[in-house]
Visitor: 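Dropping the structure in here first, questions after.
Proteins get letters first, then strands, A, B, ... in listed order; numbering begins at 1 in each.
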Protein chains: 2
Amino acid sequence: MQMKTGVEQSVYAILLLNFLPPKAVLSGEIISKQLGGSPTYIQKILRKLVNADLLISVPGIKGGFRLKKDPEDIRIYDVYLAVEGKQSLYSSSGIFYDMLNLKEKDICLLSDLMEEAESSWQSILKRETIASLSKEINNNCPKENLQMLKNIVNEKMVYKG
Amino acid sequence: MQMKTGVEQSVYAILLLNFLPPKAVLSGEIISKQLGGSPTYIQKILRKLVNADLLISVPGIKGGFRLKKDPEDIRIYDVYLAVEGKQSLYSSSGIFYDMLNLKEKDICLLSDLMEEAESSWQSILKRETIASLSKEINNNCPKENLQMLKNIVNEKMVYKG
DNA sequence: GTACTTTTACTCGGATACCGTCTGTCCGAGTAATTATGG
DNA sequence: CCATAATTACTCGGACAGACGGTATCCGAGTAAAAGTAC
């Protein structure tokens with residue numbers, strides 16, 4: 001039971017795209033180069049984010065990706081959901097019913113508990129957004145390193161039209 | 001990212017063993033028959049619970065398993081831990097450091113958040129125990145079905161010595 | 001009847017096979033800006 | 001100079017290979033109660 005690395009990659013990819021000025025995009029290749037993972041796989045992850053309406057993709061030459069929403073409106077939970085899907089952490093296999101020969105699925109002892117736990121877990125991930133994480137970066141990272149990354153983004157981005 | 005079915009099996013196996021009178025044991029085969037899973041695999045799960053000090057195992061003829069602790073002292077989280085291990089749900093692959101060229105692992109943006117979320121998740125699983133779940137069963141299940149299960153346990157259990 | 005041996009029914013833990021999922025790669029298709037070409 | 005065609009550099013999404021972990025099976029070893037055996 002471990003979170004996919006794709007979630008981590010997604011969050012940082014989005015944080016990277018958050019550096020872009022309006023209307024500019026960054027190609028998947030550049031993004032993957034900055035993240036450091038395998039390029040083709042990160043492209044796949046980016047497409048998931050597009051399908052989840054978190055990113056906009058621009059095809060064709062000078063194409064690439066940019067945020068679709070304001071960073072305040074992108075919750076970390078949304079990113080998780082886009083990559084992991086909406087299935088819950090725990091899914092009962094019905095042992096309880098079988099063991100007690102219950103006909104109706106009235107109560108599921110563990111399911112209720114697990115759902116409460118997962119809900120509690122989600123609430124933390126819903127609280128934080130790309131904007132809040134970005135702010136945290138600005139406050140806690142050496143300005144130098146941060147500026148260096150921003151410079152790369154500004155150098156590699158392209159405007160459409 | 002899904003919880004192992006072994007966790008569910010473990011919880012219900014323990015709830016089953018909670019019906020036993022003191023000093024009595026139930027063999028792995030009987031337990032697996034009640035749970036309905038594959039016998040050999042459930043034996044493996046039971047051994048994990050023994051290693052985690054949740055169960056006591058008695059080898060030899062008339063051997064089997066019984067609880068090692070009071071049901072009040074077995075938290076659902078303990079069961080989870082015994083089966084899933086103590087690794088956290090999220091583990092950073094260090095993208096953040098690489099991206100910003102940080103030397104020291106001062107802050108990990110996502111790790112802190114994910115740890116908080118997991119901690120919140122765990123607190124729910126730590127709150128509930130085998131005793132509390134058992135109580136809930138007694139309150140919410142048809143007495144008939146419950147008694148039928150208890151009868152099977154009483155029939156199949158063996159005393160040592 | 002007592003001491004000893006064998007049988008029996010369990011647990012223990014390692015080795016291994018199977019299978020689904022996550023990771024990673026590849027390719028053809030679609031798209032749009034740029035460049036080349038022809039008049 | 002303008003219109004059209006070819007090139008280029010992207011994304012899109014499906015197909016597929018590889019790695020890994022959870023599930024499942026099997027086996028020999030250890031253990032202890034019960035049954036059998038010898039005296």
Side-chain angles (χ1 to χ4, degrees), chain A residues 1-10 13 17 24-33 35-52 55-66 68 80 83-85 87 89-91 93 95 156-161, chain B residues 1-10 13 17 23-33 35-52 55-66 68 80 82-85 87 89-91 93 95 156-161:
Chain A
M1 193 190 189
Q2 270 226 281
M3 192 174 298
K4 301 177 190 173
T5 64
V7 176
E8 184 183 4
Q9 293 171 325
S10 296
L17 291 175
V25 298
L26 215 54
S27 78
E29 199 189 349
I30 301 299
I31 295 173
S32 73
K33 195 165 288 179
L35 294 183
S38 90
T40 58
Y41 186 59
I42 287 183
Q43 293 261 6
K44 203 167 225 167
I45 297 290
L46 290 173
R47 266 179 274 147
K48 284 192 179 186
L49 300 179
V50 171
N51 289 332
L55 300 186
I56 278 185
S57 66
V58 177
I61 207 171
K62 287 200 173 181
F65 301 88
R66 73 158 162 265
K68 185 168 185 180
Y80 164 82
V83 177
E84 294 264 354
Q87 60 181 356
L89 300 186
Y90 170 83
S91 73
S93 59
I95 296 177
K156 301 293 187 181
M157 72 182 181
V158 288
Y159 283 95
K160 180 87 173 177
Chain B
M1 193 191 187
Q2 271 225 282
M3 192 176 295
K4 301 177 191 174
T5 64
V7 176
E8 184 183 3
Q9 294 172 325
S10 296
L17 291 175
K23 302 279 180 185
V25 298
L26 215 53
S27 78
E29 198 188 350
I30 300 299
I31 295 174
S32 74
K33 194 165 289 179
L35 294 183
S38 89
T40 56
Y41 186 60
I42 287 182
Q43 293 261 7
K44 204 165 226 174
I45 297 290
L46 290 172
R47 266 178 273 145
K48 283 192 179 185
L49 299 178
V50 171
N51 289 332
L55 299 186
I56 278 185
S57 66
V58 178
I61 209 170
K62 289 201 175 184
F65 301 88
R66 72 159 161 268
K68 185 166 186 181
Y80 164 81
V83 176
E84 293 265 354
Q87 61 184 353
L89 300 186
Y90 171 83
S91 72
S93 60
I95 295 178
K156 301 294 186 180
M157 72 183 184
V158 289
Y159 285 94
K160 180 84 174 178

Visitor: K62(A) side chain: which of dA33(D), dA33(C), dT11(D) is closest?
Guide: dA33(C)
Visitor: What's G64(A) touching, base or sugar-phosphate or nothing? Going by heavy atoms closer than 4.0 Å.
Guide: sugar-phosphate
Visitor: Measure CG/N51(B) against C1'/dG13(C) and give the value in whole Å, please.
Guide: 9 Å
Visitor: Using 0.5 Å steps for rounding, measure from the CG atom of L17(B) to the CD1 atom of I30(B).
Guide: 12.0 Å
Visitor: Can you measure Q43(B) atom CD to dA15(C) atom C1' for me and round it to whole angstrom units?
Guide: 17 Å
Visitor: What's the closest nucleotide to the side chain of P59(A) if the choices are dA33(C), dT11(D), dT11(C)?
Guide: dT11(D)
Visitor: Is a side-chain donor or acceptor of Q9(A) paired with a backbone partner of I45(A) at a separation under 3.5 angstrom?
Guide: no
Visitor: How many whole angstroms separate atom CD of E8(A) from atom P of dT23(C)?
Guide: 11 Å
Visitor: Both V50(A) and M1(A) contact DNA chain D. Which one's nearest nucleotide lies toward the 5' end?
Guide: V50(A)
Visitor: What is the distance, rounded to the nearest whole Å, between atom CD1 of I42(B) and atom C1' of dC10(C)?
Guide: 17 Å
Visitor: Check the distance between dA9(D)'s P and K156(A)'s NZ and give it to me in whole angstrom.
Guide: 14 Å
Visitor: Ignoring hydrogens and geometry, is there a side-chain-to-backbone donor-acceptor pair from E29(B) to P39(B) under 3.5 Å?
Guide: no
Visitor: Checking contacts here: which listed nucleotide (dT11(D), dT11(C), dA33(C)) is nearest the side-chain heavy atoms of I61(A)?
Guide: dA33(C)
Visitor: Report the distance from atom CZ of R66(B) to atom C1' of dC10(C), rounded to the nearest whole Å.
Guide: 14 Å
Visitor: What heavy-atom pair brings V83(B) and S10(B) nearest, and what distance separates the two atoms?
Guide: CG2-OG, 3.2 Å
Visitor: Polar-atom pairs under 3.5 Å, protein N or O versus N or O of nucleotides 23-26 of chain D: list them with distances, or write none.
Guide:
from    : atom 1 : to     : atom 2 : distance (Å)
dT23(D) : OP1    : T5(B)  : N      : 2.9
dT23(D) : OP1    : T5(B)  : OG1    : 2.9
dT23(D) : OP2    : Y41(B) : OH     : 2.5
dT23(D) : O5'    : Y41(B) : OH     : 3.4
dA24(D) : N6     : K44(B) : NZ     : 3.1
dT25(D) : OP2    : S38(B) : OG     : 3.1
dT25(D) : OP2    : T40(B) : OG1    : 3.3
dT25(D) : O4     : K44(B) : NZ     : 3.1

Visitor: Would you please test M1(A) and K4(B) for side-chain contact (heavy atoms from CB on, under 4.5 Å) and show each step?
Guide: CA-CA 7 Å; M1(A) 193 190 189; K4(B) 301 177 191 174; 5.7 Å; no
Visitor: Rounded to the nearest Å, what distance is computed from the CD1 atom of residue I31(B) to the C1' atom of nucleotide dC10(C)?
Guide: 12 Å
Visitor: Before you tell me yes or no, could you show the steps for Q2(A) and S91(B) under side-chain contact (heavy atoms from CB on, under 4.5 Å), namely the whole-Å CA-CA distance, both residues' side-chain angles and the distance that decides it to 0.1 Å?
Guide: CA-CA 8 Å; Q2(A) 270 226 281; S91(B) 72; 3.6 Å; yes
Visitor: Identify whether any heavy atom of G37(A) sits under 4.0 Å from a base atom; if not, whether one sits that close to sugar-phosphate; answer base, sugar-phosphate or nothing.
Guide: nothing
Visitor: Would you say dG21(D) has OP1 or OP2 under 4.0 Å from some side-chain N or O of Q2(A)?
Guide: no
Visitor: Just verifying a value: how many Å separate L26(B) CG and M157(B) CE, rounded to the nearest 0.5 Å?
Guide: 9.0 Å
Visitor: What's the CG-P distance between L35(A) and dG24(C), to the nearest Å?
Guide: 12 Å
